[in-house]
Enquirer: 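Okay, handing you the structure first.
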Amino acid sequence: MTAETTAEAVIPLVEETLLLSKRQVETGRVRVALTTEVVEEVLRETLHSRRAEVERRPVGTTVTEAPQVRQEGDVIIIPVVEEVLVVEKRLVLREEIHLRMINEEKAVEQPATRRVQHAAVERITPTGERTES
């Protein structure tokens, strides 16, 4: 190989580079309007209560020891004793208190006011076109 037959060829290399940029574009707007209305309502509920009916029953019996509180059906019986001094000490059952529990129900209505809000959303495009959702 001689110098005349070997020629060097230069091939240029090319590379592309990309440039990325962003910009802000308005595609529309949203308008939200809140309205508040007052709604009158009647609240209903059933109230439960319990009251005691007291009946005093005189007994007048001599006992050796104080009787216990007892329950007969829906009545609670509470013995009331008294010490009486004689030549000897005796317990005399003077009376019994009978308590009967009575359940009652009462329906009540109470007017009340509450506030309710509604939102109206309006979209506005860049061309000025309006839509509601």
Side-chain angles (χ1 to χ4, degrees):
M1 282 205 214
T2 63
E4 299 169 5
T5 59
T6 56
E8 286 187 24
V10 177
I11 300 174
L13 295 175
V14 179
E15 178 183 348
E16 288 184 335
T17 57
L18 298 176
L19 177 62
L20 176 66
S21 64
K22 342 184 247 189
R23 61 188 168 107
Q24 190 171 2
V25 176
E26 183 178 314
T27 60
R29 294 179 181 218
V30 176
R31 181 179 300 155
V32 177
L34 291 178
T35 58
T36 302
E37 67 178 278
V38 176
V39 178
E40 293 291 329
E41 292 184 355
V42 175
L43 305 177
R44 291 178 174 83
E45 186 58 63
T46 299
L47 302 179
H48 300 273
S49 66
R50 192 173 190 189
R51 65 181 173 87
E53 184 178 273
V54 178
E55 176 186 349
R56 293 175 165 268
R57 290 190 180 174
V59 176
T61 305
T62 303
V63 293
T64 56
E65 62 182 41
Q68 296 293 317
V69 174
R70 65 186 189 278
Q71 184 164 353
E72 294 178 4
D74 63 344
V75 177
I76 299 170
I77 300 173
I78 304 167
V80 178
V81 294
E82 173 184 36
E83 284 185 346
V84 178
L85 294 178
V86 214
V87 176
E88 60 184 358
K89 182 167 55 171
R90 300 179 197 163
L91 288 177
V92 176
L93 181 61
R94 289 288 177 203
E95 67 178 332
E96 291 179 337
I97 298 174
H98 292 226
L99 294 177
R100 177 173 288 112
M101 304 311 285
I102 300 167
N103 294 320
E104 297 178 341
E105 291 185 1
K106 179 181 177 182
V108 295
E109 293 184 356
Q110 177 68 41
T113 302
R114 68 180 177 103
R115 291 175 180 79
V116 179
Q117 285 191 330
H118 302 281
V121 178
E122 180 182 24
R123 297 185 186 278
I124 306 168
T125 64
T127 61
E129 186 178 322
R130 296 173 186 235
T131 60
E132 288 193 23
S133 55

Enquirer: To the nearest 0.5 Å, tell me how far E129 CD sits from I124 CD1.
Expert: 11.0 Å
Enquirer: How long is the gap from CD1 on I102 to CD on E104, to the nearest 0.5 Å?
Expert: 7.0 Å
Enquirer: Hey, what do you get for CZ (R114) to CD (E37), rounding to the nearest 0.5 Å?
Expert: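 Atom-to-atom, R114:CZ and E37:CD are 8.5 Å apart.
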Enquirer: Rounded to the nearest 0.5 Å, what separates atom CZ in R50 from atom CG in N103?
Expert: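 It comes to 5.5 Å.
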Enquirer: What residues form a side-chain hydrogen bond (donor to acceptor under 3.5 Å, both in side chains) with R70, not counting sequence neighbours?
Expert: E72, E96
Enquirer: State the CG-CD distance between L43 and E41, to the nearest 0.5 angstrom.
Expert: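 The CG atom of L43 sits 6.5 Å away from the CD atom of E41.
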Enquirer: Let me know which of I76, I77, L99 forms a side chain to side chain contact (heavy atoms under 4.5 Å, CB included) with V69.
Expert: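 The residue from I76, I77, L99 that satisfies side chain to side chain contact (heavy atoms under 4.5 Å, CB included) with V69 turns out to be I76.
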Enquirer: Apply side chain to side chain contact (heavy atoms under 4.5 Å, CB included) to residues R90 and V84 and explain how you reach the verdict.
Expert: CA-CA 6 Å; R90 300 179 197 163; V84 178; 5.7 Å; no
Enquirer: Are V25 and R23 packed together at the side-chain level, in the sense that at least one heavy-atom pair is separated by less than 4.5 angstrom?
Expert: yes
Enquirer: Hey, are the side chains of V92 and E82 touching, using non-hydrogen atoms and a 4.5 Å cut-off?
Expert: no
Enquirer: Rounded to the nearest 0.5 Å, what separation is found between the CZ atom of R115 and the CD atom of Q117?
Expert: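 Reported value, rounded in 0.5 Å steps: 10.0 Å.
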Enquirer: Take L91 and E83, measure what side chain to side chain contact (heavy atoms under 4.5 Å, CB included) needs, and give me the verdict at the end.
Expert: CA-CA 5 Å; L91 288 177; E83 284 185 346; 4.2 Å; yes
Enquirer: Run the numbers on R44 and V42 for side chain to side chain contact (heavy atoms under 4.5 Å, CB included), then give the verdict.
Expert: CA-CA 6 Å; R44 291 178 174 83; V42 175; 4.1 Å; yes
Enquirer: I'd like a table of donor-acceptor pairs (distance under 3.5 Å, sequence neighbours excluded) in which one partner is a side-chain atom from residues 54-68, with atom names and distances.
Expert:
from, atom 1, to, atom 2, distance (Å)
E55, OE2, R57, NE, 2.8
E55, OE2, R57, NH2, 3.3
R56, NH1, E95, OE1, 3.2
R56, NH1, E95, OE2, 2.6

Enquirer: Checking Q110 now: which residues fulfil side-chain hydrogen bond (donor to acceptor under 3.5 Å, both in side chains) with it, not counting sequence neighbours?
Expert: none
